[in-house]
Trainee: 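Let me give you the structure first, and then I'll get to my questions.
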2 protein chains.
Amino acid sequence: MQIIETNNYQIEFGPLAESGLNDLLKEYYSERIKLILVDENTHENCLFYLLESVSELHGAEIIQLPSGEENKTLEVSANVWEAFSEYLISRGDILINLGGGVISDIGGFIASCYKRGIDFVNIPTTLLAMVDASVGGKTGVNLGPYKNQVGSFAFPKGIYMDTVYLDTLPEIEIYNGYAEMLKHGLIADKELFDSILNAANSGELPDDEMIIESIKIKQQIVEEDPYEQGARKKLNFGHTIGHAIEGHFLHKMKISHGHAVALGMAMEAFLSFKEELLSKDDFEYVANSLLAIYELPVFSDDDIHEMIELLNNDKKNESGKIMCSLLDSLGSCAYNIEISEQKFLDTFMHFKNLNLSLN
Amino acid sequence: MQIIETNNYQIEFGPLAESGLNDLLKEYYSERIKLILVDENTHENCLFYLLESVSELHGAEIIQLPSGEENKTLEVSANVWEAFSEYLISRGDILINLGGGVISDIGGFIASCYKRGIDFVNIPTTLLAMVDASVGGKTGVNLGPYKNQVGSFAFPKGIYMDTVYLDTLPEIEIYNGYAEMLKHGLIADKELFDSILNAANSGELPDDEMIIESIKIKQQIVEEDPYEQGARKKLNFGHTIGHAIEGHFLHKMKISHGHAVALGMAMEAFLSFKEELLSKDDFEYVANSLLAIYELPVFSDDDIHEMIELLNNDKKNESGKIMCSLLDSLGSCAYNIEISEQKFLDTFMHFKNLNLSLN
């Protein structure tokens, strides 16, 4: 069992049966109601193993949500809050979020607002959720095309990661996770970026150490600045454009979060170069590496127009100005950089033309 | 201008034009969007005076909600979040909650969850909101009959109280406020209770000092225990039964919050006596004083059955047990007292019969 210490809780990495989860439940929640939040995928593929590994969860109530980012909504949250009320869930009870980023995002939000907050733990079942969503205390739901527009900062009582869940993940999910791992390398550790890039190119699962290093980068940044007043903004590299791509395509062709962020990183590396923070060589290395793995879609002029609209309502904007976190070298990230609408337009056009020239 | 200092912000009591609100807005929000949340009543009766008193609010966006506890819902919150998105509200902007308890409850909730939290201030326009809802950081919306079932702890940047707003309040609203003031007396200061009772019986507005003393009692308890782990539970005296009454009658005859809490205090004083915490004389003094001002409605057996159902889902319950805060003398309150369903039933029956015997 590998333990990543944080200020307020533990992140444990290893088999669930050997983790501290059973003891936590026994010590603090033995007479409480335990609820497990799943979607149809984790209900089918992940729940049995959890129950087999953690005896204190026998008899837990199971709440199943429809899977997918398009169901990370207020309406679904309201249904769960109503179910909680029917189950007579009270403040001392605990919610176990078993799933990918959608489950930990919406589950954390549901827990943090029900009766002004009940406890929860995260058991991420995807690579993306392990290296990103389950860690850091950001919870939320989407509001139309706006990603995580409504949410809270709420920290779990513990995070338990068991890579057995990664063995049956579809390939797209593995690449989803790689995107955030590559980001952690790009903003903090060039060598890690290179080795994650190698692993991603091989198409195989990353080894444990690589995952743990990636989590540590995120965790350290979050601990330094939990409420995103400053340094935590580095973690938003690739996400200003990435969220616009993801939000815009949510109800169309559906570009996954990792895919959208990878494209966002390629484009924000372009912005980093245009802002004279990053050399042309470094930009090209980043963009070419990412686009070799993550396909660049064809953007229509309408797509670009609508993504610019979304950028104008990005959560990170200040006084109506669109703000970016940009690379100032490979392994280092600057933040609070104002970027004009025109520069985003130039960026989208650059990649639109790049795509045309490639095809 | 009277200032009540707290750990993180100021409560100011006096004319808005002389308050620190204008300076706060000038210093931290001059380039930000200012939003004012009103309902149709405060739009008509309170907004002009605010704009006249605080020049920094000229040009502020006005968002109007339908008034009333029955509109303190997730659906209304969702509409406001959508409006915020349309206005391109970003994290550094600020919401001004201008209204009674419904506005500060839902406005605080809306602000605390939009993009994971924007700043807000409260300008309470009712006596109840001044002495209770606007202070203490509890925000929330109702879920069906469950009061504040979904919400957060979120503290405003400042609270600005101007008693000019009380001059035109309907009588029912004055009594609404008196109920919580009487509670503050009952749980912490018997002499204050007696003088508030005198004032309430006179039918006139309480004087400023009485209001300020009441706020200080609440504020000190909140500061000691902001997240209601212990001592803050004293403030729930009268509210276990009070919320059940209010929730049950929400869509029927509509008993106001203060009225419901006053009835709840009379009944929980009965429980305090039955639990041998309070003498019979003291119970009768409390109950008779309250019922002389706040009319006891006729409860049907169905009403009682449904209120017991609501009690079983009270936010304060622990492991399915209904918990009460009860008086252990006049001016002192105990908490974490488990009360069986049967005892609540006995209490409701006692007051049902009392009502029959009175009529």
Side-chain angles (χ1 to χ4, degrees), chain A residues 29-33 73-75 77-93 109-110 112-118 137-154 227-229 309-323, chain B residues 29-33 73-75 77-93 109-110 112-118 137-154 227-229 309-323:
Chain A
Y29 305 94
S30 64
E31 291 176 36
R32 305 299 188 156
I33 300 178
T73 62
L74 272 173
E75 293 72 26
S77 308
N79 291 341
V80 176
W81 284 319
E82 277 162 22
F84 277 21
S85 301
E86 278 164 34
Y87 281 124
L88 303 180
I89 301 309
S90 59
R91 274 185 187 149
D93 300 329
F109 178 62
I110 287 167
S112 73
C113 288
Y114 180 73
K115 298 189 177 183
R116 299 199 186 91
I118 65 170
K138 283 190 178 181
T139 80
V141 295
N142 304 327
L143 196 70
Y146 301 111
K147 289 265 303 169
N148 304 317
Q149 186 83 340
V150 175
S152 63
F153 285 99
Y227 300 108
E228 201 169 303
Q229 307 293 304
E309 284 290 291
L310 291 178
L311 286 170
N312 277 315
N313 203 3
D314 191 80
K315 276 196 294 301
K316 303 175 279 301
N317 292 358
E318 293 189 18
S319 300
K321 293 164 188 155
I322 311 174
M323 306 302 278
Chain B
Y29 306 93
S30 64
E31 291 176 35
R32 306 299 188 157
I33 300 178
T73 62
L74 272 173
E75 292 73 26
S77 307
N79 290 342
V80 177
W81 284 319
E82 275 161 22
F84 278 22
S85 301
E86 278 165 34
Y87 281 124
L88 302 181
I89 302 308
S90 59
R91 274 186 186 148
D93 300 330
F109 179 62
I110 287 167
S112 72
C113 289
Y114 180 73
K115 298 188 177 182
R116 298 198 189 90
I118 65 169
K138 283 190 178 181
T139 80
V141 294
N142 304 327
L143 196 71
Y146 300 111
K147 289 266 303 171
N148 304 319
Q149 187 82 339
V150 175
S152 62
F153 285 101
Y227 301 107
E228 201 169 301
Q229 307 293 305
E309 285 288 291
L310 291 179
L311 286 171
N312 277 315
N313 203 4
D314 192 81
K315 277 197 293 302
K316 302 175 278 301
N317 292 359
E318 293 189 19
S319 300
K321 293 164 188 156
I322 311 174
M323 306 303 278

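As the structure is a computational prediction, the values presented were derived from the model and not from experiment. Just so you know, these numbers use all the heavy atoms, side chains as well, and skip hydrogens, waters and symmetry mates. Lettering of chains follows the sequences in order, A, B, ..., and the numbering in each one begins at 1.
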Trainee: Checking B:N313 side chain against A:S85 main chain: does a donor-acceptor pair fall under 3.5 Å?
Mentor: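 Yes; at least one donor-acceptor contact below 3.5 Å.
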Trainee: Need one label for A:F109: side chain, backbone, both or neither, based on atoms under 4.5 Å from any heavy atom in chain B.
Mentor: side chain
Trainee: Considering only heavy atoms, which portion of B:T139 lies under 4.5 Å from any heavy atom of chain A: side chain, backbone, both, or neither?
Mentor: backbone
Trainee: What part of A:S77 lies closer than 4.5 angstrom to a heavy atom of chain B: side chain, backbone, both or neither?
Mentor: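 Neither; nothing under 4.5 Å.
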Trainee: What option among B:E75, B:K138, B:E86 has the most heavy-atom pairs under 4.5 Å with chain A?
Mentor: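 Maximum pair count with chain A is reached by B:K138.
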Trainee: With a 4.5 angstrom heavy-atom cut-off, which part of A:Y114 approaches chain B: side chain, backbone, both or neither?
Mentor: both
Trainee: Counting heavy-atom pairs under 4.5 Å with chain A, which one of B:R32, B:K316, B:E31 comes out on top?
Mentor: B:R32
Trainee: Taking A:R91 for its side chain and B:E318 for its backbone only, find out whether a donor-acceptor pair lies under 3.5 Å.
Mentor: no
Trainee: Given heavy-atom pairs under 4.5 angstrom as the criterion, report whether the side chain, backbone, both or neither of B:L143 touches chain A.
Mentor: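 For B:L143, side-chain heavy atoms alone lie under 4.5 Å from chain A.
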Trainee: Checking heavy atoms, do the side chain of B:I89, its backbone, both or neither come under 4.5 Å from chain A?
Mentor: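 The backbone, not the side chain.
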Trainee: When heavy-atom pairs shorter than 4.5 Å are enumerated against chain B, which of A:C113, A:G117, A:S90 gives the highest number?
Mentor: A:C113
Trainee: More than 12 non-hydrogen atoms from neighbouring residues, nucleotides or ligands closer than 6.0 Å to OH on B:Y87, yes or no?
Mentor: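 Enclosed.
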Trainee: Which distance, rounded to the nearest 0.5 Å, do you find between the CG of B:N317 and the CG of A:L88?
Mentor: 8.0 Å
Trainee: For A:L74, is it the side chain, the backbone, both or neither that has a heavy atom under 4.5 Å from a heavy atom of chain B?
Mentor: side chain
Trainee: Could you pull out the closest heavy-atom pair between A:K115 and B:D314, with the gap in Å?
Mentor: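 Result for this residue pair: NZ-O, 3.4 Å.
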